[in-house]
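Okay, structure first, notes after.
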Amino acid sequence: MEANDLHVYNTLTRQKEPFVTVVPGKVGIYLCGPTVYKPSHLGHMVGPVIFDTVKRYLSYLGYEVTFVVNITDIDDKLIVEAAKQNTTVPELAERITKDYVKNLEILNVTGVDHLPRATHHVDAIIQMIKVLVDKGFAYPAAGDVYFDVTKDEDYGKLCHRDPEQMEAGARIEVSDRKRNPGDFALWKGAKPGEPFWESPWGKGRPGWHIECSAMSMKLLGTTLDIHGGGLDLQFPHHENELAQSESFNGEPFVHYWMHNGLMKTGTEKMSKSKGNEIVVSELLKRHHPETLRFFLLSTHYRRPIDFSEERLEEVRRALDGFYRFFERFERITKKSFFELQAPTARRPIPPNEPAAEFVAEVVGLWEKFLEHMDDDFNTGGAIGILFELLTALNRFADANHLEEGKGSEADLRAFQRGVLILKELSQILGVFHKPAATKEAGDDKLLGGLIQLLIDVRADARKNKNFALSDQIRKRLGELGVTLEDRTAGSIWRIEN
RNA sequence: GGCCCCUUAGCCAAGCGGUAAGGCAGCGGAUUGCAAAUCCGCCAUCCCCGGUUCGAAUCCGGGAGGGGCCUCCA
């Protein structure tokens, strides 16, 4: 049994449960990725960012984590879309997968270990279907193979759904090939012109849910520690995965089902079929990736999150305070925050150093941050602590005049220790790993030189109390989007967006 | 019709039985030649009505409003 205080909300039981792994010290996470027929929208990034953070935290706790995100690259939607675009299914799938993977990289989703594609695992899928048929859970019908939901005693346990009621509802696709309305396709016979694989039931392709069962089992074993996905996948996708997997091997399929809330635009869910999706690659033209990641983590993962440009702008303003601090830190220590090497594992809280109230305060915040993460990955609460930490660091720098070079050795040490903790916690969330994009303009030598020239001229004017001129320079620069700050060691500038 | 979930200040948001974190915006102050930045302070009794409890935003019941799923969807 592992010693940790982590609790995870489990959709299956509708409760927070202590986190215990199947294999001590190891965690397998399977996240349902996209069906690759259209460019990813912001909603597709919610899961990856959250579960990347989950992995970061579990790794921080000392677990060896394997994180799998599947790519569904064969499906009716792909066939239709490829035809529409006058291209092939593999070409379309490849192009959209690349878009997806690129977006993950930009959002600093670094923890994905495997991105299995359904088409690469058709043999395993066929094998699994065979066994389900042999065991009597599935039946072939005119080239298709269906799972018989009435053969699975606890079908519906994830979503509290009763197959009987589904018949009553009668809003599901009816097919004379199905024995029960709730039955779902494991294998679909190919119509002329459609992509196909040879199988014992003739030419065809996998149904929608089966690829996840086959690939997760292959990569992570019969029981997954964590299975994630959007709330909209609970039914039927996850319910069906669950049914077929447990029928297949008679063992629990998933220990913790975790479902993230959905991205909304206005009052509605964002989705491809509703046509209100915000395409990630477009969004990235207007916003820094860090802003998006921070936005996605700013609320608890189980709640819906409402997209708006205003919200992102607000997040950006909040982040500016951190970036200004990182520059302040560099002015004080001549070190780059982004290059600091912080610990990557949880460890006992070090004893307080004598006469170091500040360190005690920072360590206290550190503990609170971890308490929030222990509470079902409460990133919203954890981020709140990050802001408190920022204030504490600024306050300390102010009080001890660190920027004016008046701090003692001990003060500087304490300060750096505090900043290192900020770094350590930032890493858990996967934020602040590189400078803000606004600095790009600062890399322009000519521009930088010109502004410095104006600053020097202005410094002379100020020395001579020629405030009319100095204010004029500052005002005109401000109109151009350049903000000046007069500090004891000289004026600094930045470009406001 | 069935199954879930949500409702906290102007906006976003944490909170999971002991008298409301944090952010954005706003206001006041310190600092500054003036600014900017930073710091300090102010700004909610938690949709409504009942109930349980010594004590509820937090538990139970009812109501109102909103959302998701039941058909493809992260």
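Computed from a predicted model, the values in this text were never measured in an experiment. Numbered from 1 within each chain, the chains take letters A, B, ... in sequence-line order.
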**OP:** Taking side-chain contact (heavy atoms from CB on, under 4.5 Å) as the test, write out the residues that go with A:D486, two or more places apart.
**Re:** A:R458, A:R462, A:R474, A:S491

Original post:
Contact class for A:K272 vs. all strands (heavy atom < 4.0 Å): base, sugar-phosphate, or nothing?
Top reply: sugar-phosphate

Kindly list each side-chain donor-acceptor pair under 3.5 angstrom involving residues 70-77 of chain A, sequence neighbours excluded, with atom names and distances?
residue, atom, partner, partner atom, Å
A:N70, OD1, A:Y30, OH, 3.4
A:N70, OD1, A:G33, N, 2.9
A:N70, ND2, A:T72, OG1, 3.1
A:T72, OG1, A:E211, OE2, 2.8
A:D73, OD1, A:A118, N, 3.4
A:D73, OD1, A:T119, N, 3.0
A:D73, OD1, A:T119, OG1, 3.4
A:D73, OD2, A:T119, OG1, 2.6
A:D75, OD2, A:K77, N, 2.7
A:D76, OD1, A:R205, NE, 3.4
A:D76, OD1, A:R205, NH2, 2.6
A:D76, OD2, A:K188, NZ, 3.1

Subject >> Whole angstrom value for the distance that separates C1' of B:rC72 from CG of A:D76 >> reply: 9 Å

Original post:
Taking any strand in view, what nucleotide pairs with B:rA9 in a Watson-Crick or G-U wobble way, both distances under 3.5 Å?
Top reply: none

Subject >> Plane angle bin for A:Y57 and A:F377 - parallel if under 30°, tilted between 30 and 60°, otherwise perpendicular >> reply: perpendicular

Original post:
Is there a side-chain polar atom (N or O) of A:N378 under 4.0 Å from OP1 or OP2 of B:rG15?
Top reply: yes

**OP:** Among A:F329, A:F338, A:F325, A:Y323, find the residue that satisfies the ring pair (Phe, Tyr, Trp, His ring centres under 6.0 Å) test when tested with A:F432.
**Re:** A:Y323

Original post:
Partner of B:rA25 by Watson-Crick or G-U wobble geometry, both contacts under 3.5 Å, or none?
Top reply: none

Original post:
Of all the choices, B:rA14, B:rA74, B:rC4, which nucleotide is nearest to the side chain of A:R14 once you look at every atom?
Top reply: B:rC4

**OP:** Can you tell me the distance, in whole Å, between the CZ atom of A:R395 and the P atom of B:rC40?
**Re:** 4 Å

Original post:
Out of A:N378, A:I421, A:L389, A:L386, which residue meets the side chain to side chain contact (heavy atoms under 4.5 Å, CB included) rule with A:F369?
Top reply: A:L386

Subject >> Short side-chain N/O contact from A:K274 to OP1 or OP2 of B:rG68, under 4.0 Å >> reply: yes

Original post:
In residues 96-115 of chain A, what residues come within less than 4.0 Å of RNA chain B, judged by heavy atoms?
Top reply: none

Subject >> A:C159 vs A:H237, nearer the 5' end of RNA chain B by closest nucleotide >> reply: A:C159

**OP:** Can you tell me, in whole Å, how much space there is between the C1' of B:rU8 and that of B:rA21?
**Re:** 12 Å

Original post:
Contact class for A:M45 vs. all strands (heavy atom < 4.0 Å): base, sugar-phosphate, or nothing?
Top reply: nothing

Subject >> Nearest-angstrom distance, P atom, B:rC42 to B:rC6 >> reply: 32 Å

Original post:
Looking only at atom P, what distance separates B:rA64 and B:rC16, rounded to whole Å?
Top reply: 29 Å

**OP:** Take atom OH of A:Y323 and atom P of B:rU38, then tell me their distance rounded to the nearest Å.
**Re:** 15 Å

Protein-nucleic acid N or O pairs under 3.5 Å, nucleotides 34-36 of chain B:
residue, atom, partner, partner atom, Å
B:rC34, O2, A:R474, NH2, 2.2
B:rC34, N3, A:R474, NH1, 2.8
B:rC34, N3, A:R474, NH2, 3.1
B:rC34, N4, A:D486, OD2, 3.1
B:rA35, N6, A:D486, O, 3.2
B:rA35, N1, A:D486, N, 2.8
B:rA35, N3, A:R474, NH1, 2.8
B:rA36, O2', A:R494, NH2, 3.3

**OP:** Before accepting this row, confirm whether a basic side-chain N of the pair A:D320/A:R316 lies closer than 4.0 Å to the acidic partner's carboxylate O.
**Re:** yes

Original post:
Going by modelled atom types, is there a donor-acceptor pair between the base of B:rC16 and the side chain of A:K16 at under 3.5 Å?
Top reply: yes

**OP:** Scan A:S271 against the nucleic acid and name what it touches under 4.0 Å (heavy atoms): base, sugar-phosphate only, or nothing.
**Re:** base

**OP:** Would you mind reading off the distance between A:K38 atom NZ and B:rA74 atom C1', rounded to a whole angstrom?
**Re:** 15 Å

**OP:** In whole angstrom, give me the gap between the C1' atoms of B:rG28 and B:rC43.
**Re:** 11 Å

Subject >> Spacing of A:N394 atom CG relative to B:rC39 atom C1', expressed in whole Å >> reply: 8 Å

Original post:
Expressed as a whole number of Å, how far does the P atom of B:rG63 sit from that of B:rA44?
Top reply: 33 Å

Subject >> Nearest-angstrom distance, P atom, B:rA74 to B:rG68 >> reply: 16 Å

Original post:
Does CZ belonging to A:R487 count more than 12 external heavy atoms closer than 6.0 Å?
Top reply: yes

**OP:** Round to the nearest Å and state the distance from A:F329 atom CZ to B:rA37 atom P.
**Re:** 22 Å

**OP:** Can you figure out which of B:rU8, B:rC72, B:rA74 approaches the side chain of A:S273 most closely?
**Re:** B:rC72

**OP:** Quote, to the nearest angstrom, the C1' distance that separates B:rU31 from B:rG67.
**Re:** 48 Å

**OP:** For the pair A:E309 and A:H287, evaluate side-chain hydrogen bond (donor to acceptor under 3.5 Å, both in side chains) and give the outcome as yes or no after the intermediate values.
**Re:** CA-CA 9 Å; A:E309 292 287 338; A:H287 298 281; 2.7 Å; yes

Subject >> Euclidean distance, atom CZ of residue A:R328 to atom P of B:rC39 [Å, nearest integer] >> reply: 8 Å

Subject >> Salt-bridge present (A:E314, A:R317; N to O < 4.0 Å) >> reply: no

Original post:
Which whole-number value in Å describes the distance from A:N240 CG to B:rC72 P?
Top reply: 10 Å

Original post:
Heavy atoms under 4.0 Å, any strand shown: does A:G156 hit a base, just sugar-phosphate, or nothing?
Top reply: nothing

Original post:
Which residue lies toward the 5' end of RNA chain B, A:D232 or A:R324, if each is placed at its nearest nucleotide?
Top reply: A:R324

Original post:
C1' atom, B:rC39 versus B:rU58: distance in rounded Å?
Top reply: 34 Å

Original post:
Is any side-chain heavy atom of A:M258 closer than 4.5 Å to a side-chain heavy atom of A:Y9?
Top reply: no

Original post:
The side chain of A:R303 lies closest to which of these nucleotides: B:rC39, B:rU7, B:rC72?
Top reply: B:rU7

**OP:** Fit a plane to each ring of A:H238 and A:H227, take the angle between them on a 0 to 90° scale, and name the class: parallel (under 30°), tilted (30 to 60°) or perpendicular (over 60°).
**Re:** perpendicular

**OP:** Using a cut-off of strictly less than 4.0 Å, decide whether A:H44 has a side-chain nitrogen or oxygen near OP1 or OP2 of B:rA74.
**Re:** yes

**OP:** Could you tell me whether A:G43 contacts a base, only the sugar-phosphate backbone, or nothing, with contacts defined as non-hydrogen atoms closer than 4.0 Å?
**Re:** base

Original post:
Can a salt bridge be assigned to the pair A:K102 and A:E105 using a cut-off of 4.0 Å between side-chain N and carboxylate O?
Top reply: no

**OP:** Evaluate the criterion side-chain contact (heavy atoms from CB on, under 4.5 Å) for residue pair A:I451 and A:V482; output intermediate values, then yes/no.
**Re:** CA-CA 9 Å; A:I451 294 175; A:V482 177; 4.0 Å; yes

Original post:
Can you give one letter per nucleotide of nucleotides 18-26 of chain B, 5' to 3': B if a protein heavy atom sits under 4.0 Å from the base, S if only from the sugar-phosphate, - if neither?
Top reply: ---BSBSS-

Original post:
Who pairs with A:F147 by ring pair (Phe, Tyr, Trp, His ring centres under 6.0 Å), at least two apart in sequence or on another chain?
Top reply: A:F184

